[in-house]
Amino acid sequence: MKIIVTGGAGFIGSNFIFYMLRNHPDYEIICIDSLTYAGNLSTLSSVINDPHFRFYKADIRDREAIDRIFAENNPNIIVNFAAESHVDRSISNPGIFLETNIIGTSVLMDAARKYKVSRFHQVSTDEVYGDLPLDRPDMLFTESTPLHTSSPYSASKASADLLVLAYHRTYNLPVTISRCSNNYGPYQFPEKLIPLMIINALNNKKLPVYGQGLNVRDWLYVEDHCKAIDLIIHNGKIGEVYNIGGHNEMHNIDIVKLILKKLKKSESLIEFVTDRKGHDLRYAINPEKIHNELGWLPETSFAIGINKTIDWYLSNCGWWQEIVSGEYQNYYKKMYGDNK
Ligand code: NAD
Ligand code: TDX
């Protein structure tokens with residue numbers, strides 16, 4: 001079995017590559033990544049010389065390069081993680097989100113049609129459903145919740161989902177889509193909530209919490225997401241969408257306080273800052289379909305997952321220090337001003 005994984009030098013894609021090489025030692029994994037600011041080849045250093053692994057630096061928008069890689073490898077399955085993934089960046093610069101997340105996906109699907117792959121899997125997000133009220137814990141996103149996006153990021157992901165379903169209906173491309181809640185774990189880029197707060201706390205910098213920190217996200221340990229995708233690409237029904245989430249809703253402020261407590265730092269580091277534009281209030285996934293049809297259940301509780309994640313950032317300072325000392329400084333200043 002040959003699987004092309006796009007975006008494999010990023011957070012979830014790299015964890016998926018490690019998961020697949022561990023759990024399917026006879027598979028060949030081919031990674032395509034253009035190494036944007038969010039992609040890091042050092043993340044893949046432990047597998048780069050693995051005879052079952054191959055890396056191509058290429059952009060999913062580049063038709064010729066993608067065609068060549070498909071021709072060379074003749075893959076069975078494509079798992080598309082490659083995307084611009086940060087909501088705040090989509091608010092200041094939406095154009096690249098449309099190009100990579102929508103056009104890039106269509107380029108990959110055209111190659112998937114031409115080379116007759118047996119599965120094209122699109123990694124999507126719960127953000128395509130918009131948000132839920134804070135005071136209605138009974139309401140959860142199901143696969144039939146209407147798409148109702150808030151940010152250029154989520155609109156681009158929803159557009160890609162619609163294109164994927166259109167390629168299935170029009171060309172009979174064998175597709176599946178997964179829509180997962182917020183992931184956390186090793187190798188997450190420092191711009192996202194959990195690594196940002198861990199790293200700032202370790203550096204005794206202020207922890208910038210949007211609004212009052214009352215927004216709710218439904219957190220899933222990254223390996224549980226990888227396992228769900230593995231199940232879907234092998235046993236999921238063609239043309240179907242699967243929600244993935246672990247019933248683990250938390251207010252942002254509670255996560256920030258928990259991180260401070262674990263790192264034995266003072267809550268005085270918390271700084272409430274101007275809210276994100278169009279900030280979604282609450283995400284919460286109903287994962288019954290993937291549980292009932294494919295037997296998936298999350299295995300890592302938040303209590304265990306957050307400890308593992310904090311320990312990982314503590315033991316891998318070199319990985320994130322290299323990132324936060326470079327171009328990231330300019331992003332950080334633009335985003336958070338002179339927050340110290
Ligand atoms: P990430 O930003 O950490 O990684 C994205 C990767 O894609 C990077 O390695 C980057 O170099 C690569 N990439 C970007 N543009 C590319 C292009 N044009 N061509 C080739 N490669 C390109 O993102 P992530 O958090 O790992 O998310 C991966 C996928 O999962 C995304 O599609 C995202 O929408 C989805 N998702 C993420 C979460 C989450 O909580 N992080 C939750 C649900 C779904
Ligand atoms: O500095 C911050 N302060 C803050 O309060 C940052 C970066 C975030 N937040 C808040 C905003 C959100 O309510 O924390 C919450 C989580 O923020 P992000 O880590 O930016 O994630 P989110 O916007 O929820 O989107 C994530 O989950 C769905 C991923 O980035 C997406 O790629 C995925 O699709």
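Counting convention: from 1, in listed order, for ligands and their atoms alike.
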Task: Ring centre gap for Tyr37 and Tyr328 strictly below 6.0 Å - done: no
- [ ] Indicate whether any N or O donor in one side chain lies under 3.5 Å from an N or O acceptor in the other, for Tyr115 and Asn73.
- [x] no
TODO: Determine whether any heavy atom of Leu35 lies closer than 4.0 Å to an atom of ligand 1.
DONE: yes
Task: Electrostatic pair Glu271-Lys205, nearest N-O below 4.0 angstrom - done: no
- [ ] Between Val87 and ligand 2, find which residue part has any heavy-atom pair under 4.0 Å and reply side chain, backbone, both or neither.
- [x] side chain
TODO: On the 0 to 90° scale, with breaks at 30° and 60°, tag the Tyr153-Phe97 ring pair as parallel, tilted or perpendicular.
DONE: perpendicular
TODO: Compute whether any side-chain donor of one residue and acceptor of the other, for Asn215 and Tyr283, lie under 3.5 angstrom apart.
DONE: no
TODO: Would you mind running through ligand 2 and noting each atom that sits below 4.0 Å from a heavy atom of Leu196?
DONE: 1 (O)
- [ ] Would you mind checking which non-hydrogen protein atom is closest to atom 10 (C) of ligand 1, with the distance to 0.1 Å?
- [x] Thr36 OG1, 3.3 Å
Open item on the list: Strictly below 4.0 Å, N to O, side chains only: are Lys57 and Asp33 in salt-bridge contact?
Closed with: no
Open item on the list: What I want to find out is whether Lys289 reaches Glu143 closely enough, with some N-O distance under 4.0 Å, to be called a salt bridge.
Closed with: no
Open item on the list: Contact between ligand 1 and Phe81 is defined here as a heavy atom of the residue under 4.0 Å from a ligand atom; is it met?
Closed with: yes
Task: Contact (N/O only, under 3.5 Å) between Tyr210 and ligand 2 - done: yes
Open item on the list: Students should be able to answer this: which protein heavy-atom is nearest to atom 44 (C) of ligand 1, and at what distance?
Closed with: Ser124 O, 3.1 Å
Open item on the list: If you take the nearest heavy atom of each of Lys192, Arg282, Arg89, Arg179, which one is closest to atom 30 (O) of ligand 2?
Closed with: Lys192
- [ ] Could you tell me the residue and atom name of the protein heavy atom closest to atom 33 (C) of ligand 1, and the distance to it rounded to 0.1 Å?
- [x] Tyr153 OH, 3.5 Å
Open item on the list: Within ligand 2, which atoms have a heavy atom of Glu191 less than 4.0 Å away?
Closed with: 7 (C)
Task: Sub-3.5 Å N/O-N/O distance, Asn215 and ligand 2 - done: no
- [ ] Give the atoms of ligand 2, by number and element, whose distance to some non-hydrogen atom of Thr125 is under 4.0 Å.
- [x] 28 (C), 33 (C), 34 (O)
Open item on the list: Can you report which non-hydrogen protein atom sits closest to atom 40 (O) of ligand 1, along with the distance?
Closed with: Asn183 N, 2.8 Å
Open item on the list: Would you say Lys192 and Ser85 are linked by a side-chain donor-acceptor pair, where the criterion is simply a distance under 3.5 Å?
Closed with: yes
- [ ] Could you list the atoms of ligand 2 found under 4.0 angstrom from a heavy atom of His86?
- [x] 20 (O)
Open item on the list: On a heavy-atom basis, I'd like to know which of Leu193, Val216, Asn182 is closest to atom 21 (O) of ligand 2.
Closed with: Asn182
Open item on the list: Looking at Lys257 and Asp254, is there a salt bridge between them, counting it only when a charged N and a carboxylate O are closer than 4.0 Å?
Closed with: no
Task: Cationic N near anionic O, under 4.0 Å, Glu84 to Arg89 - done: no
Open item on the list: Show the atoms of ligand 2 that are less than 4.0 angstrom away from any heavy atom in Tyr283.
Closed with: 24 (O)
- [ ] Return yes when Met335 approaches ligand 2 closer than 4.0 angstrom through a heavy atom, no otherwise.
- [x] no
TODO: With heavy atoms of Val209 as the reference, note each atom of ligand 2 found under 4.0 Å away.
DONE: 5 (O)
Task: Residues Asp161, Arg179: salt bridge by 4.0 Å N-O rule - done: yes
- [ ] Name the option, out of Lys157, Arg276, Arg217, His251, that contains the heavy atom nearest to atom 18 (P) of ligand 2.
- [x] Arg276
TODO: Would you kindly specify which portion of Phe11 sits under 4.0 Å from ligand 1, judged on non-hydrogen atoms: side chain, backbone, both or neither?
DONE: both
Open item on the list: Need the ligand 2 atom indices (1-based, order shown) with element for anything under 4.0 Å from a heavy-atom of His279.
Closed with: 11 (C), 12 (C), 13 (O)
- [ ] List the closest protein heavy-atom neighbour of atom 2 (O) of ligand 1: residue, atom name, distance to the nearest 0.1 Å.
- [x] Ser85 OG, 2.7 Å
TODO: Look at the rings of His234 and Tyr27 and say which category their plane angle falls in: under 30° parallel, 30 to 60° tilted, over 60° perpendicular.
DONE: tilted
- [ ] Tell me which protein heavy atom sits closest to atom 4 (O) of ligand 1, plus the residue, atom name and distance to 0.1 Å.
- [x] Gly10 CA, 3.4 Å
- [ ] For the pair Glu28 and Arg54, find out whether any cationic side-chain nitrogen is under 4.0 Å from an anionic carboxylate oxygen.
- [x] no
Open item on the list: Given Ile60, Thr105, Val123, Thr43, identify the one with the heavy atom nearest to atom 35 (C) of ligand 1.
Closed with: Val123
Task: Asn80 and ligand 1 - part of the residue with a heavy-atom distance under 4.0 Å - done: neither
- [ ] Please state whether Tyr37 comes within less than 4.0 angstrom of ligand 1, counting heavy atoms only.
- [x] no
Open item on the list: Ring centroids only, cut at 6.0 angstrom: are Trp320 and Phe189 within range, meaning strictly under it?
Closed with: no
